[in-house]
Amino acid sequence: MPELPEVETVVRLIRGPVEGRRIVGATVHWRRTVGARDFEARVSGARIARVWRRAKYIVIDLERRSKPAGAIVGHLRMTGRLHVEARGVDPGPYKKVELALDDGRVLHFVDVRKFGRFEYVEDAERELADIGPEPLSDAFTPDWFHAALRAKRRVLKPLLLDQTFLAGLGNIYVDESLHRSGLHPLAKSDRVKPDAAARLRDEIRAVLSEAIEREGSSFDVFYRTPEGNPGSYQDQFCVYGRDGEPCRACGTIIERLVVGQRGTHVCPRCQPRRTRR
DNA sequence: ATCCTATCCTGGCTGC
DNA sequence: TGCAGCCAGGATAGGA
């Protein structure tokens, strides 16, 4: 659901309203969302220095007296939302945390379910140290990718979903990237040839970039940008959620299977189980 | 090392 | 129409 493009969209739209603001008060409506009992004390009075993204995490760097003072690390999981509203706006029954800002506005963390997290940490870099490279960064080179795939002996799709291997991909964008590269989700990672790895790397970057341009994907009521708008990348889906419909590339009916307990969508013609020749 | 299952949650869908 | 039951999904823990 919220994967890299959706989280990136949230970060970009939250950044303007909150960077530079001071948190003048914190209200926790659901304790498990923030974990620690002292969340309110840790964040109250701090200034928001920077908002950034790592994988699917939203990081809000804090400072006190111009010195780093920990961070808030948020994760939307499936249904979390972050948005800034004028004081007095009721975010509805699923509100979990709210941060009052010094301009009178309020940053809301809302979640229909209770999987999302919005926690204070001393050292965000350390907390996120085990995550793999950012697919849109220069570190994600074809050579690195091919070597990394070969070093693992895993089924391709679950490996791509593994955040310690590569950051930010979720069910939707993995299915789309695999389709565009002509690779089957059940392929073994160590059997992916250098040119196929390079192709997959390019398609991952293209899919993510295009999805960011379109402010992510919305196909149910859950994901909305902080401004309340749906994304539009769902209109570009080639396979995700299209089982039973014809492949846009070849007309073959898209199939749904389960890989690593995840609903998985493939075109059996574009993504042959065994590599041709 | 890798894989599999359960857990957390709730709205929405399916089938009777 | 009403309702029970199932499913989706990201991350993580624990077991095989």
Side-chain angles (χ1 to χ4, degrees), chain A residues 1-11 29-35 53-59 73-82 91-97 109-119 121 124 126-132 134-135 147-178 185-192 204 208 211 216-224 230-231 233-234 237 239-244 254-266:
Chain A
M1 292 225 173
E3 306 180 20
L4 188 155
E6 290 77 23
V7 178
E8 179 66 25
T9 300
V10 169
V11 164
H29 301 286
W30 186 253
R31 181 57 48 180
R32 200 183 302 160
T33 301
V34 301
R53 178 192 60 76
R54 177 79 171 99
K56 301 171 195 170
Y57 292 90
I58 297 156
V59 185
V73 173
H75 197 302
L76 306 175
R77 296 290 180 108
M78 277 88 77
T79 51
R81 290 185 57 188
L82 261 185
Y94 305 117
K95 61 187 180 185
K96 299 288 176 281
V97 186
F109 186 89
V110 178
D111 194 358
V112 170
R113 298 182 190 149
K114 294 168 177 171
F115 293 173
R117 293 290 176 265
F118 200 70
E119 302 176 323
V121 302
R126 195 181 65 212
E127 296 289 327
L128 304 176
D130 292 338
I131 296 172
E134 285 290 327
L149 287 169
R150 214 167 47 166
K152 300 281 182 184
R153 296 182 180 186
R154 290 180 58 182
V155 175
L156 199 47
K157 172 163 178 178
L159 180 59
L160 295 172
L161 289 171
D162 182 342
Q163 301 298 297
T164 68
F165 180 75
L166 185 63
L169 293 181
N171 209 34
I172 295 170
Y173 299 108
V174 165
D175 279 7
E176 293 297 316
S177 302
L178 288 172
L186 287 170
K188 297 293 185 291
S189 64
D190 52 324
R191 303 272 262 304
V192 177
I204 287 171
L208 294 175
S217 306
S218 301
F219 45 86
D220 56 27
V221 300
F222 297 120
Y223 170 69
R224 290 295 180 271
Y233 191 74
Q234 67 279 3
F237 287 171
V239 287
Y240 185 82
R242 295 193 68 244
D243 41 307
I254 303 299
E255 291 177 359
R256 182 182 186 277
L257 53 152
V258 175
V259 178
Q261 285 82 249
R262 290 282 172 263
T264 298
H265 311 79
V266 293

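Just so we're on the same page: letters track the sequence lines, and every chain starts at 1.
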Q) Could you run down nucleotides 10-16 of chain C 5' to 3' and tag each one B, S or - for protein heavy-atom contact under 4.0 Å? A) BSS----

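Checking B/dT10, B/dC4, B/dG11 against every side-chain atom of A/Lys114, the shortest atom distance belongs to B/dT10. Nearest to the side chain of A/Arg153, among C/dA8, B/dG11, B/dT2, sits B/dT2.
The nearest pair of heavy atoms linking A/Leu161 to A/Gly170 is CD2-C, 3.3 Å.
Salt bridge present: A/Glu134 and A/Arg53 bring a charged side-chain N and a carboxylate O closer than 4.0 Å. The pair A/Arg154-A/Asp162 meets the salt-bridge criterion, since a charged nitrogen lies less than 4.0 angstrom from a carboxylate oxygen. Looking at A/Asp175 and A/Arg262, no side-chain N of the basic residue comes within less than 4.0 Å of a carboxylate O on the acidic one, giving no salt bridge.
Listed pair A/Gln261 / B/dC4 fails the phosphate criterion, with no side-chain N or O lying under 4.0 Å from OP1 or OP2.
Checking C/dG2 for Watson-Crick or G-U wobble geometry (two distances, each under 3.5 Å) identifies B/dC16 as its partner.
For the pair A/Val112 and A/Gly260, both in contact range of DNA chain B, the more 5′-proximal nearest nucleotide belongs to A/Gly260. For A/Arg154 and A/Trp30, each mapped to the nucleotide of DNA chain B holding its nearest heavy atom, the one lying further toward the 5' end belongs to A/Arg154.
Ring orientation note: the planes of A/Tyr233 and A/Tyr173 are tilted relative to one another, at an angle of 30° to 60°.
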**Q.** Trace of the side-chain contact (heavy atoms from CB on, under 4.5 Å) decision for A/Leu156 with A/Leu186
**A.** CA-CA 6 Å; A/Leu156 199 47; A/Leu186 287 170; over 6 Å; no

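Between the CG atom of A/Leu149 and the C1' atom of B/dA1 there is a distance of 16 Å, rounded to whole Å. Atoms CG (A/Leu156) and C1' (B/dC3) sit 16 Å apart, rounded to a whole Å. Counting to the nearest Å, the P atom of B/dT2 and the CZ atom of A/Phe165 are 10 Å from each other.
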